[in-house]
A.B. asks: 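Below is a structure I'd like to ask you about.
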2 protein chains.
Amino acid sequence: MPVRAAQFPFLHETGHRLTTPRRRILDVLPATPTSAQELFGMLRRKGVKSDLVTVYRTLDLFTRLGLVQKTQFGDQTARYELVGATGHHHHLVCEQCGSIEDVPLDEQMLLGQVGKKSKFQVTRHTLEFFGRCIKCQ
Amino acid sequence: MPVRAAQFPFLHETGHRLTTPRRRILDVLPATPTSAQELFGMLRRKGVKSDLVTVYRTLDLFTRLGLVQKTQFGDQTARYELVGATGHHHHLVCEQCGSIEDVPLDEQMLLGQVGKKSKFQVTRHTLEFFGRCIKCQ
DNA sequence: GTTTTTGCAAACTTTTTGCATGCGG
DNA sequence: CCGCATGCAAAAAGTTTGCAAAAAC
């Protein structure tokens with residue numbers, strides 16, 4: 001598990017503790033956008049006793065540390081995904097079946113366009129596509 | 001008010017009724033992302049008695065009709081804006097003061113990139129930038 | 001007249017907060 | 001041991017639903 005080994009120092013370096021709940025959440029966190037409730041369910045199913053509040057707090061911490069990326073699609077649910085090996089990418093969200101496909105895109109040009117049009121200092125961005133997946137067409 | 005005059009037939013054509021609450025909401029709806037609560041407050045301040053539930057239902061209808069665009073930034077609040085004259089555009093959201101700047105971008109290239117990499121059929125997309133506005137830098 | 005829409009109450013979902021207890025370093 | 005982190009209970013915030021009364025057409 002190179003991912004886990006690589007993530008742990010991250011906590012210590014920033015003055016946070018490596019606790020069992022945090023390790024468990026890191027164990028199940030996929031690289032696909034997943035809600036806190038879903039993660040909580042995944043832990044339960046693995047027989048790990050956990051608390052939804054801890055899941056939220058941990059995801060918030062991981063997001064602040066840059067380990068996790070938080071996204072929101074149409075609904076009012078936040079989704080979290082491990083940034084890990086896959087790196088920065090975007091999503092194709094099927095409005096019929098809810099499936100999510102990852103897609104890497106080169107958006108340098110967009111950032112360049114923004115820079116030309118405004119003095120706004122961009123630190124991050126979200127880019128999501130909605131429509132029909134191959135199966136639902 | 002060319003906007004209002006242009007919007008109203010939209011309702012009738014799709015079998016919906018032109019009611020006072022809908023007209024009032026259209027009156028205050030800005031072309032900048034605004035939450036249901038905020039709109040409700042704007043109506044109150046104008047002395048218009050209204051109901052938050054009606055605001056939600058109306059915004060949902062307008063969104064389905066394409067009059068309004070729904071977006072969600074980091075928080076769990078949905079924001080709605082009139083699509084009207086400004087047309088499709090994106091947002092620069094300041095994470096310090098919450099101000100929102102509009103920015104028109106040419107994203108054809110991105111859609112082209114998606115088309116090359118996947119058979120997914122894109123119907124709409126969201127693209128938001130976060131960072132520091134000019135004042136907050 | 002009859003069908004859509006509204007307003008109110010209440011439910012529901014997701015997320016946040018407060019605080020005593022527990023665990024990591 | 002000291003202090004950050006957890007778990008529990010409860011609250012907050014945002015949104016949705018059911019239903020009788022009102023208003024469009």
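All chains are named by letter (A, B, ...) in the order of the sequence lines, taking the proteins before the strands, and each is independently numbered beginning at 1.
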A.B. asks: Please report the C-alpha distance between A:Ser118 and B:Val103 in whole Å, then the side-chain angles of each, then the deciding distance to 0.1 Å, and finally whether the side chain to side chain contact (heavy atoms under 4.5 Å, CB included) criterion is met.
C.D. replies: CA-CA 8 Å; A:Ser118 171; B:Val103 60; 5.6 Å; no

A.B. asks: Identify, residue by residue, the members of residues 28-43 of chain B with a heavy atom below 4.0 Å from DNA chain C, and return them in order of residue number, or none.
C.D. replies: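 Of all residues in residues 28-43 of chain B, none places a heavy atom under 4.0 Å from DNA chain C.
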
A.B. asks: Checking A:Arg124 now: which residues fulfil side-chain hydrogen bond (donor to acceptor under 3.5 Å, both in side chains) with it, not counting sequence neighbours?
C.D. replies: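 Testing A:Arg124 for side-chain hydrogen bond (donor to acceptor under 3.5 Å, both in side chains), a comparison that skips the adjacent residues, returns B:Glu95.
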
A.B. asks: Please identify each residue that fulfils side-chain contact (heavy atoms from CB on, under 4.5 Å) with A:Arg44, with sequence neighbours left out.
C.D. replies: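 With neighbours one apart ignored, the set is A:Phe40.
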
A.B. asks: I'd like to compare against my own output: the B/S/- annotation of nucleotides 20-25 of chain C with a strict under-4.0 Å heavy-atom distance to protein.
C.D. replies: ----BS

A.B. asks: Look at atom NZ of B:Lys117 and say whether more than 12 heavy atoms of other residues, nucleotides or ligands are closer to it than 6.0 Å.
C.D. replies: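 Yes, the 6.0 Å shell around NZ holds more than 12 heavy atoms from other groups.
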
A.B. asks: In whole angstrom, give the distance that lies between atom CG of B:Leu65 and atom P of C:dT5.
C.D. replies: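 Distance check: B:Leu65 CG to C:dT5 P gives 10 Å.
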
A.B. asks: With a strict under 4.0 Å distance from non-hydrogen atoms of chain A, what nucleotide opens and what nucleotide closes the contacted stretch of DNA chain D, reading 5' to 3'?
C.D. replies: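 Both ends considered, the range comes out as D:dG3 to D:dT15.
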
A.B. asks: Test side chain to side chain contact (heavy atoms under 4.5 Å, CB included) on B:Ile25 and B:Tyr80 and set out the steps.
C.D. replies: CA-CA 11 Å; B:Ile25 291 168; B:Tyr80 305 83; over 6 Å; no

A.B. asks: Would the distance check show the side chain of B:Thr63 and the main-chain N or O of B:Leu59 forming a donor-acceptor pair, the cut-off being under 3.5 Å?
C.D. replies: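 Yes; at least one donor-acceptor contact below 3.5 Å.
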
A.B. asks: Test of understanding: with side-chain hydrogen bond (donor to acceptor under 3.5 Å, both in side chains), list the residues that count as partners of B:Arg79, not counting sequence neighbours.
C.D. replies: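 Per chain and number, B:Arg79 pairs via side-chain hydrogen bond (donor to acceptor under 3.5 Å, both in side chains) with B:Asp75.
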
A.B. asks: Between A:Thr58 and A:Leu26, does the side chain to side chain contact (heavy atoms under 4.5 Å, CB included) criterion hold? Intermediate values first, please.
C.D. replies: CA-CA 9 Å; A:Thr58 302; A:Leu26 214 47; over 6 Å; no

A.B. asks: Suppose the criterion is side chain to side chain donor-acceptor pair (under 3.5 Å): which pairs have a residue in residues 105-114 of chain B, not counting sequence neighbours?
C.D. replies: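 Only B:His88-B:Glu107, B:His90-B:Glu107, B:Glu107-B:His125 qualify under side chain to side chain donor-acceptor pair (under 3.5 Å).
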
A.B. asks: Please assess A:Phe62 against A:Leu11 for the test side chain to side chain contact (heavy atoms under 4.5 Å, CB included), listing each intermediate value before the final yes or no.
C.D. replies: CA-CA 9 Å; A:Phe62 286 178; A:Leu11 284 174; 4.1 Å; yes

A.B. asks: Please give me every residue in residues 54-63 of chain B whose heavy atoms get under 4.0 Å of an atom in DNA chain C, ordered by residue number.
C.D. replies: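 By residue number: B:Thr54, B:Arg57.
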
A.B. asks: Please enumerate all residues that pass side-chain contact (heavy atoms from CB on, under 4.5 Å) together with A:Asp60, with sequence neighbours excluded.
C.D. replies: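 With neighbours one apart ignored, the set is A:Arg64.
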
A.B. asks: Any donor-acceptor pair under 3.5 Å linking the side chain of A:Arg22 with the backbone of A:Arg17?
C.D. replies: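 Pair found, side chain donor or acceptor close to backbone of A:Arg17.
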
A.B. asks: Could you tell me the separation between the CD atom of B:Gln72 and the P atom of C:dT15, rounded to a whole number of Å?
C.D. replies: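 Result: 10 Å.
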
A.B. asks: Quick check: on DNA chain C, is the nucleotide nearest B:Lys49 upstream (toward 5') of the one nearest B:Gly15, or the reverse? Name the residue that is more 5'.
C.D. replies: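 Result: B:Gly15.
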
A.B. asks: Identify every side-chain donor-acceptor pair in residues 45-56 of chain B under 3.5 Å, counting partners at least two apart or on other chains, and give the distances.
C.D. replies:
unit_1: B:Asp51; atom_1: OD1; unit_2: B:Val53; atom_2: N; d: 2.7

A.B. asks: Just how far is it from atom CZ of B:Phe73 to atom OG1 of A:Thr126, taken to the nearest 0.5 Å?
C.D. replies: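 If I round to the nearest 0.5 Å, the distance is 8.5 Å.
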
A.B. asks: Among pairs that include at least one residue of residues 127-137 of chain A, which meet side chain to side chain donor-acceptor pair (under 3.5 Å), considering only residues two or more places apart or in two chains?
C.D. replies: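 Counting only pairs at least two positions apart or across chains, the side chain to side chain donor-acceptor pair (under 3.5 Å) contacts touching residues 127-137 of chain A are A:His91-A:Glu128, A:Gln96-A:Arg132.
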
A.B. asks: How many Å lie between CZ on A:Phe73 and C1' on C:dT14, as a whole number?
C.D. replies: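 Answer to the nearest Å: 17 Å.
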
A.B. asks: The helix from C:dG1-D:dC25 to C:dG25-D:dC1: angle between its terminal axes, five pairs each, to 10°?
C.D. replies: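 Taking the rotation axis at each end, their angle is 40°.
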
